[in-house]
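Note on naming: letters A, B, ... go to the chains in the order of the sequence lines (proteins, then strands), and numbering restarts at 1 for each one. All values derive from a computational prediction rather than experimental measurement. Just the heavy atoms: all of them, side chains too, but no hydrogens, waters or symmetry mates, feed the values below.
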Amino acid sequence: AQSVTQLDSQVPVFEEAPVELRCNYSSSVSVYLFWYVQYPNQGLQLLLKYLSGSTLVKGINGFEAEFNKSQTSFHLRKPSVHISDTAEYFCAVSLGYSSASKIIFGSGTRLSIRP
Amino acid sequence: NAGVTQTPKFRVLKTGQSMTLLCAQDMNHEYMYWYRQDPGMGLRLIHYSVGEGTTAKGEVPDGYNVSRLKKQNFLLGLESAAPSQTSVYFCASSPLAITSRGGELFFGEGSRLTVL
């Protein structure tokens with residue numbers, strides 16, 4: 001069975017510092033990978049996704065993620081965070097075959113930015 | 001620029017009461033989903049629909065029913081609410097199958113339900 005593990009439930013960083021949010025998944029078949037962001041009192045919105053091709057994926061707001069098949073990881077990075085990046089970030093994985101329900105979300109990582 | 005709209009945004013119920021959450025999308029999406037979000041557990045799929053008139057069970061369907069009579073609307077019903085159903089509920093839609101074609105999910109702002 002597939003699963004998604006976000007290793008850190010909370011990540012505090014100082015403004016303008018770099019950040020990495022970790023995500024590991026388990027699956028024996030090919031997958032699609034996503035990062036979603038949830039700002040306070042809002043729904044989730046897509047940051048970036050990996051479907052195929054280049055393993056380095058760039059998303060909105062300066063975020064990027066790297067797909068590492070051998071490590072089954074899809075870590076999210078930003079070289080310099082801003083106060084407005086304060087949010088909860090969810091990693092998600094879906095299997096690469098037809099089944100509308102098969103998307104699994106991680107438990108989320110709360111990113112808090114200190115001035 | 002509505003996207004996905006959920007009503008109501010907040011509701012307090014007593015155990016045993018019933019209610020319906022309404023989700024409406026104006027993007028002509030085929031696929032619609034209901035998730036619940038609980039602290040430390042991420043999002044869990046309750047029910048989903050791959051088109052008008054169709055519904056299917058997700059990961060945690062017990063205690064919920066759904067209907068999709070019109071393409072743009074997806075209703076989530078609780079027939080007899082229980083405290084374990086206290087949660088934040090999110091509706092989402094997608095133009096493509098989220099698995100076979102990597103479709104993006106578009107979420108509503110959530111409905112916070114408390115069952116006393």
Side-chain angles (χ1 to χ4, degrees), chain A residues 1-10 21 23-25 27 29-53 57 59-60 65 67 74 87-110, chain B residues 1-6 9-10 21 23 25 29-51 54-61 66 68 74 88-112:
Chain A
Q2 61 181 134
S3 65
V4 180
T5 302
Q6 291 183 245
L7 297 165
D8 306 298
S9 59
Q10 296 189 57
L21 305 183
C23 173
N24 286 88
Y25 68 93
S27 176
V29 298
S30 62
V31 297
Y32 298 140
L33 295 158
F34 306 82
W35 276 99
Y36 282 84
V37 59
Q38 184 180 30
Y39 298 106
N41 300 313
Q42 293 187 26
L44 282 73
Q45 58 183 276
L46 184 68
L47 259 185
L48 48 80
K49 65 181 177 182
Y50 170 79
L51 303 183
S52 63
V57 181
I60 61 172
F67 169 56
F74 191 53
E88 190 155 19
Y89 293 79
F90 292 91
C91 182
V93 59
S94 69
L95 296 179
Y97 59 84
S98 178
S99 175
S101 69
K102 298 297 184 187
I103 182 167
I104 304 297
F105 284 88
S107 55
T109 297
R110 192 171 297 276
Chain B
N1 197 20
V4 179
T5 304
Q6 295 181 226
K9 290 188 167 41
F10 302 93
L21 297 175
C23 176
Q25 54 97 0
H29 287 173
E30 289 293 333
Y31 299 82
M32 296 188 74
Y33 311 83
W34 275 108
Y35 288 89
R36 60 176 288 173
Q37 183 181 33
D38 301 292
M41 300 185 74
L43 277 77
R44 292 180 292 169
L45 183 65
I46 305 171
H47 286 281
Y48 65 99
S49 169
V50 301
T54 72
T55 63
K57 293 180 180 179
E59 188 184 355
V60 288
V66 288
R68 186 136 180 236
F74 195 31
V88 181
Y89 292 85
F90 286 97
C91 177
S93 69
S94 174
L96 302 171
I98 57 176
T99 53
S100 65
R101 299 177 68 182
E104 172 185 350
L105 288 170
F106 293 81
F107 284 85
E109 293 190 344
S111 297
R112 186 174 296 274

How far does [atom1] of [X] sit from [atom2] of [Y], to the nearest 0.5 angstrom?
{"X": "B:K9", "Y": "A:N41", "atom1": "NZ", "atom2": "CG", "value": "11.5 Å"}
{"X": "B:F107", "Y": "A:Q38", "atom1": "CZ", "atom2": "CD", "value": "8.5 Å"}
{"X": "B:E104", "Y": "A:F34", "atom1": "CD", "atom2": "CZ", "value": "8.5 Å"}
{"X": "A:L46", "Y": "B:F106", "atom1": "CG", "atom2": "CZ", "value": "8.0 Å"}

Might you point out which heavy atoms bring [X] and [Y] nearest each other, and give the distance in Å?
{"X": "B:Q37", "Y": "A:F90", "value": "NE2-CZ, 3.1 Å"}
{"X": "A:S107", "Y": "B:G40", "value": "CB-O, 3.3 Å"}
{"X": "B:L105", "Y": "A:Y36", "value": "N-OH, 2.9 Å"}

- Message: Looking at A:R110, I'd like to know if its CZ atom is crowded, meaning that more than 12 non-hydrogen atoms belonging to other residues, nucleotides or ligands lie closer than 6.0 Å.
- Response: no
- Side chain, backbone, both or neither: which part of B:Q6 has an atom under 4.5 Å from a heavy atom of chain A? neither
- Query: Checking heavy atoms, do the side chain of A:Q6, its backbone, both or neither come under 4.5 Å from chain B?
  - Reply: neither
- Task: May I ask you to test the B:L45-A:I104 pair for a side-chain heavy-atom distance under 4.5 Å?
- Result: no
